[in-house]
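For the single chain, residues carry numbers from 1 onward in sequence order. Just so it is clear, the structure is predicted and the values come from calculations on it, not from any experiment.
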Amino acid sequence: MRTFKTLRLAAVAAGLALAATGCGVTSSGTDPSGAPAQSGPVEGLRILVPNTPGGGYDTTARVAAKVMEETDIAANPEVFNLAGAGGTVGLARIVNESGNGDLAMLMGLGVVGASYTNDTDAKLTDTTPIAKLIEEPGAIMVSKDSEFKTIDDLVEAWKKDPGSISVGGGSSPGGPDHLLPMQLAQTVGIDPTKVNFVSYDGGGDLLPAILGNKVDVAASGAGEYMQQIEKGEIRVLATSGEERLENVDAPTFIESGIDLNFTNWRGVVAPPEISEADKEKWITALTTMHESDAWKQALETNGWTDAFITGDEFSTFLTEQDQRVADVLKALGLA
């Protein structure tokens with residue numbers, strides 16, 4: 001099996017020269033297509049979330065929409081959920097909405113993997129890449145009642161009988177919540193094919209499984225469970241980034257003697273064959289959002305790392321991620 005010890009999705013700094021005046025997205029003259037330019041808040045934007053409410057995609061989309069509305073970037077942007085098949089039901093919707101410049105989808109590493117492990121003809125390569133927004137490390141979590149108090153406790157029990165430990169994740173095979181425990185298992189000397197992985201369709205579905213002890217351990221981003229973590233209902237054993245997460249009292253894998261870094265990411269894609277004007281409309285709106293103080297505060301509050309890139313740069317990134325995930329899944333016999 002090919003070794004993938006580290007799956008780091010490094011943030012790339014983007015320098016964008018997009019003009020914005022006042023609070024809203026404003027401009028004058030014409031856009032690159034020759035049509036009259038948008039003046040004032042953009043109207044009619046809709047963001048599809050391809051998982052259930054309460055998960056990471058959902059949280060990111062709703063925070064982005066709230067920031068755009070509060071800063072007069074967009075007027076009443078709509079966020080709606082279309083869950084199923086690890087995000088590929090939503091992906092199929094986006095691909096079938098060819099030319100719809102008002103629609104976009106919040107997606108990430110999970111949809112990349114699901115496009116390989118689920119029976120779908122829709123591919124991310126069919127979409128129009130808009131922007132990568134954030135990155136966040138993963139976390140290994142248990143309920144407050146768990147026998148596992150530290151990551152060492154978990155690893156010790158896991159090594160003795162890998163199949164006896166159920167590992168829940170809010171993504172399909174190939175998604176971040178699946179890749180993280182597979183990488184962790186491999187790093188500590190456990191055959192990843194022996195891991196008892198239980199897939200849930202988003203963090204919203206995974207949460208009650210953690211709290212109800214339906215899984216022994218969970219792998220996901222800590223940001224979407226901060227309320228439960230702060231209340232002590234969920235205990236974080238370790239996180240997968242280079243540095244500790246603020247407001248989370250848990251070591252990194254590296255601190256715990258486990259040589260692994262792993263980072264998830266989220267971004268926005270639009271349907272195929274949208275106009276250049278619509279593509280720039282989305283990029284300008286998200287760029288203006290990214291530069292706002294409200295978004296910077298949202299990054300800090302949710303423990304997200306700024307990883308903003310747009311357009312062609314994001315397209316290149318998606319192509320690279322697609323190939324990397326395909327390689328990992330082939331190594332696991334899943335693609």
Side-chain angles (χ1 to χ4, degrees), residues 7 49-63 79 81-91 106-114 117-118 134-148 151 154 158 164-185 192 195-241 245 247-248 250 262-266 302-304 334:
L7 186 63
V49 175
N51 289 120
T52 53
Y57 293 160
D58 187 68
T59 300
T60 308
R62 294 184 188 280
V63 168
V79 176
N81 299 79
L82 183 61
T88 56
V89 172
L91 176 60
L106 201 296
M107 49 72 70
L109 186 57
V111 178
V112 178
T117 58
N118 287 277
I134 64 167
E135 292 179 345
E136 72 170 342
I140 300 297
M141 300 172 286
V142 296
S143 75
K144 65 179 180 180
D145 303 318
S146 173
E147 63 181 295
F148 305 127
I151 190 67
L154 170 62
W158 209 11
S164 70
I165 306 295
S166 58
V167 183
S171 64
S172 297
D177 294 2
H178 172 253
L179 293 173
L180 173 56
M182 297 302 160
Q183 296 284 312
L184 176 59
V195 174
N196 178 13
F197 181 74
V198 183
S199 177
Y200 291 84
D201 199 358
D205 286 350
L206 178 61
L207 176 58
I210 303 172
L211 298 177
N213 294 301
K214 295 179 180 179
V215 292
D216 296 308
V217 62
S220 193
E224 56 200 279
Y225 306 100
M226 287 304 298
Q227 183 177 359
Q228 291 77 24
I229 292 169
E230 290 171 355
K231 288 181 177 179
E233 296 172 345
I234 289 178
R235 179 165 58 249
V236 180
L237 302 183
T239 57
S240 67
L245 286 176
N247 305 318
V248 176
F262 180 98
T263 309
N264 186 20
W265 58 269
R266 298 187 191 120
N302 291 280
W304 298 333
L334 296 172

Checking side-chain contact (heavy atoms from CB on, under 4.5 Å) for the pair T59/W304: CA distance, chi angles, key distance, verdict? CA-CA 11 Å; T59 300; W304 298 333; 4.1 Å; yes
Is the backbone of I229 close enough, under 3.5 Å, to the side chain of R235 for a donor and an acceptor to pair up by distance? no
If you round to the nearest 0.5 Å, how far is CG of N51 from OG of S172? 8.0 Å
As an exercise, state the distance from OG1 of T60 to CG of L106, rounded to the nearest 0.5 Å. 5.5 Å
For D58 and N81, which I'm curious about, is there any donor-acceptor pair between the side chains at under 3.5 Å? yes
Take V167 and V195, measure what side-chain contact (heavy atoms from CB on, under 4.5 Å) needs, and give me the verdict at the end. CA-CA 8 Å; V167 183; V195 174; 4.2 Å; yes
Apply side-chain contact (heavy atoms from CB on, under 4.5 Å) to K214 and list each qualifying residue two or more places apart in sequence or on a separate chain. Y200, A209
Can you find a pair of side-chain heavy atoms, one from L237 and one from F148, that are under 4.5 Å apart? yes
Note, W158 side chain near V217 side chain (heavy atom, < 4.5 Å): no
Nearest 0.5 angstrom please: S220 OG to I210 CD1, how far? 7.0 Å
Return yes if some donor-acceptor pair links the side-chain N/O of S146 with the main-chain N/O of V142 below 3.5 Å, else return no. no
Apply salt bridge (charged side-chain N to carboxylate O under 4.0 Å, His left out) to E224 and R266, showing your working. CA-CA 13 Å; E224 56 200 279; R266 298 187 191 120; 3.6 Å; yes
How would you list, by chain and number, every residue that makes a side chain to side chain donor-acceptor pair (under 3.5 Å) with N196, sequence neighbours excluded? none
Applying side-chain contact (heavy atoms from CB on, under 4.5 Å), name anything that partners P173, two or more places apart in sequence or on another chain. T117, H178, S199, L334
Taking the side chain as every heavy atom from C-beta outward, state whether W265 and E136 have any atom pair closer than 4.5 Å. no
Specify the closest pair of heavy atoms between S240 and F262, including all atoms of both residues, with the distance to one decimal. OG-O, 2.6 Å
Inter-residue atom distance N247.CG - E230.CD, 0.5 Å rounding: 6.0 Å
Side chain to side chain donor-acceptor pair (under 3.5 Å) with D205: which residues, sequence neighbours excluded? none
To the nearest 0.5 Å, atom OG1 of T52 lies from atom CG of L207 at 10.0 Å
Just by modelled atom types, is the G87 backbone N or O under 3.5 Å from a matching donor or acceptor in the Y57 side chain? no
Just so I know, are the side chains of L154 and I140 near enough to count as touching, which here means a heavy-atom distance under 4.5 Å? yes
side-chain contact (heavy atoms from CB on, under 4.5 Å) partners of A139, counting only residues at least two apart: M141, A222, V236, T239
Considering all heavy atoms, the nearest G90-P50 contact: CA-CB, 4.2 Å
Checking the side chain of S166 only, and the main-chain atoms of D216 only, is there a donor and an acceptor separated by less than 3.5 Å? yes
For the pair N118 (side chain) and A85 (backbone), establish whether a donor and an acceptor sit closer than 3.5 Å, ignoring hydrogens and angles. yes
The criterion is side-chain contact (heavy atoms from CB on, under 4.5 Å); which residues satisfy it with E233, sequence neighbours excluded? L211, Q228, K231
Quick one: pull up CG in L245 and CE in M226 and give me the separation to the nearest 0.5 Å. 7.5 Å
Sole candidate of L180, D177, T263, N264 that passes side-chain contact (heavy atoms from CB on, under 4.5 Å) when paired with L109: N264
